[in-house]
Amino acid sequence: MTGASAVVAPGVRAAFDDHLAHADETGATALALGLLRAGVRPEDILLRLIAPAQAAVGARWVSTEWSVAQEHAATHVSERVVSRLAAAAAKLRPQDSAPARRVLFACIEGECHTLPARIAAEVLRLRGFDVTFLGADVLAPRLVSHLHRQGPDLVGLSCMIPVRLPAAHHLIECCRRAGTPVLVGGSGFGPGGVWARTLGADLYAPDPAAAAEMLAGRWPRTPREAAPLEHLADDEYFRIVRQRAELLRRLLARLLERYPRLRDPRAEHAEAVLEDLGRLPDVVAAANYVDDPQVLTDYLSFGVEFLHARGVPTAALGDALATLSEPLGGLPRTAAHLDAGRRWLTAADLPVPPP
């Protein structure tokens, strides 16, 4: 069996999954490099083996099949395999004297899921681009410094969770002011990248291969003029941000009161549940920032699966919305988003306490 078909063969994928399950970096690396020596394109190894295997890792964590520690260990192995594969593939590439377009990749502030962005960066490198990868949690000063020192032709930004959308907008604006167009990707920009254009990105790609194909035929010369987010003039978003600590205090107090099991630090999954539900004020703020309740309803959809897998009543989502509705009820756009969240829970036949 040769070529890309070897990558998608069940036995190959099962073997790689097993290496991840046992945090076996040596075995996972040997498998990937063996495919490379057998003639499988490195891009296929990245996109047809490592990327889907890592998606399965995340799914196993959500379902509680794997612990956080197992998920972190497997992710570390995947990252190491990508590094070794990239180094080996670089030795096989012909040296091209033609100047390549320079692309700067970064994960936005607060974003620590680096693997999707790293895979995208390596795919573009394999396609002949001159790529620099800045890694996780890139703050604006660091990005701006690289923009001025390196002068890239394009910046690629990765955002995996919507609560980071305000930070993504800040980096997009920094790039626009520097005259550098921006390509964005990641699930944080919503289905089909619905919030990418809202925030002024020049291009959105759903996956690394699509990004490479897009850039091969459509290179943005200068950043587009983005429409301002005029709804932010009502100051609602900034009021939510200023109240964040109090909102979180109220939320956690309500959850600990209604669900005593979460008070016990020894209770399985209690810490993870409180951490995840504690993101709700940031989710509401992000929904307000892009003025779209889908940010909230998408979170609720995830929350139902997350809580159910951990044996926590999904009624906690309705309790959480009710808790936030009292202090935020005076903010019209925010109140409308919270109402949309309650309607979503009702449509899903889940308990919804009155606000």
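Environment of NE2 in H113: sparse, with no more than 12 heavy atoms of neighbouring residues, nucleotides or ligands closer than 6.0 Å. Atom CD of E271 has 12 or fewer heavy atoms from other residues, nucleotides or ligands within 6.0 Å. Around the CZ atom of R197, the shell of radius 6.0 Å holds no more than 12 heavy atoms that belong to other residues, nucleotides or ligands. Sparse packing is recorded around CZ of R239, with 12 or fewer heavy atoms of other residues, nucleotides or ligands lying under 6.0 Å away. Counting non-hydrogen atoms of other residues, nucleotides and ligands closer than 6.0 Å to NE2 of H231 gives a total above 12. Few gaps surround CZ on R60; more than 12 heavy atoms of other groups in view lie less than 6.0 Å from it. Counting heavy atoms of neighbouring residues, nucleotides and ligands inside a 6.0 Å radius, atom CG of D235 exceeds 12 of them.
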Evaluation steps, salt bridge (charged side-chain N to carboxylate O under 4.0 Å, His left out), between R125 and E122:
CA-CA 5 Å; R125 201 190 311 275; E122 295 306 331; 3.0 Å; yes
Side chain to side chain donor-acceptor pair (under 3.5 Å) for R118 and S83? Distances and angles first, verdict last.
CA-CA 9 Å; R118 176 67 191 278; S83 295; 3.2 Å; yes
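Smallest separation of non-hydrogen atoms from R333 and E236: N-OE2, 3.0 Å. Across all non-hydrogen atoms, the minimal contact from G303 to L317 is C-CD1, 3.9 Å. Nearest heavy atom pair, residue G311 against residue R261, reads O-NH1, 3.2 Å. In plain terms, the two heavy atoms of D276 and Y299 that are nearest each other are O-OH, 3.0 Å. Counting all heavy atoms, side chain and backbone alike, L49 lies closest to R13 at CD1-CA, 4.0 Å. In terms of heavy atoms, E111 sits closest to S158 at CG-O, 3.9 Å.
The side-chain contact (heavy atoms from CB on, under 4.5 Å) search around D18 returns H22, not counting sequence neighbours. With sequence neighbours excluded, the residues forming a side chain to side chain donor-acceptor pair (under 3.5 Å) with Y259 are D319, listed by chain and number.
Both tests hold for R310 against F306: distance to the six-membered ring centre under 6.0 Å, angle to the ring axis within 45°.
Rounding to the nearest 0.5 angstrom, the gap separating the CG atom in L85 from the CG atom in L126 is 7.5 Å. To the nearest 0.5 Å, the span separating CG on L350 from OG1 on T314 amounts to 4.5 Å. The CZ atom of F189 sits 12.0 Å away from the CD1 atom of I161 when rounded to the nearest 0.5 Å.
Of the possible donor and acceptor atoms, none in the side chain of D137 sits under 3.5 Å from a partner among the backbone N and O of E109.
A donor-acceptor contact closer than 3.5 angstrom links the side chains of R342 and S325.
Listed by first and then second residue, the side chain to side chain donor-acceptor pair (under 3.5 Å) pairs that reach into residues 71-81 are E25-R80, Q54-T75, Q54-S78, E71-T75, E79-T114, sequence neighbours excluded.
A perpendicular orientation is assigned to the rings of Y237 and Y289, their planes being inclined by more than 60° (bins at 30° and 60°).
With respect to the salt-bridge test (charged N to carboxylate O, under 4.0 angstrom), the residues R127 and E43 qualify.
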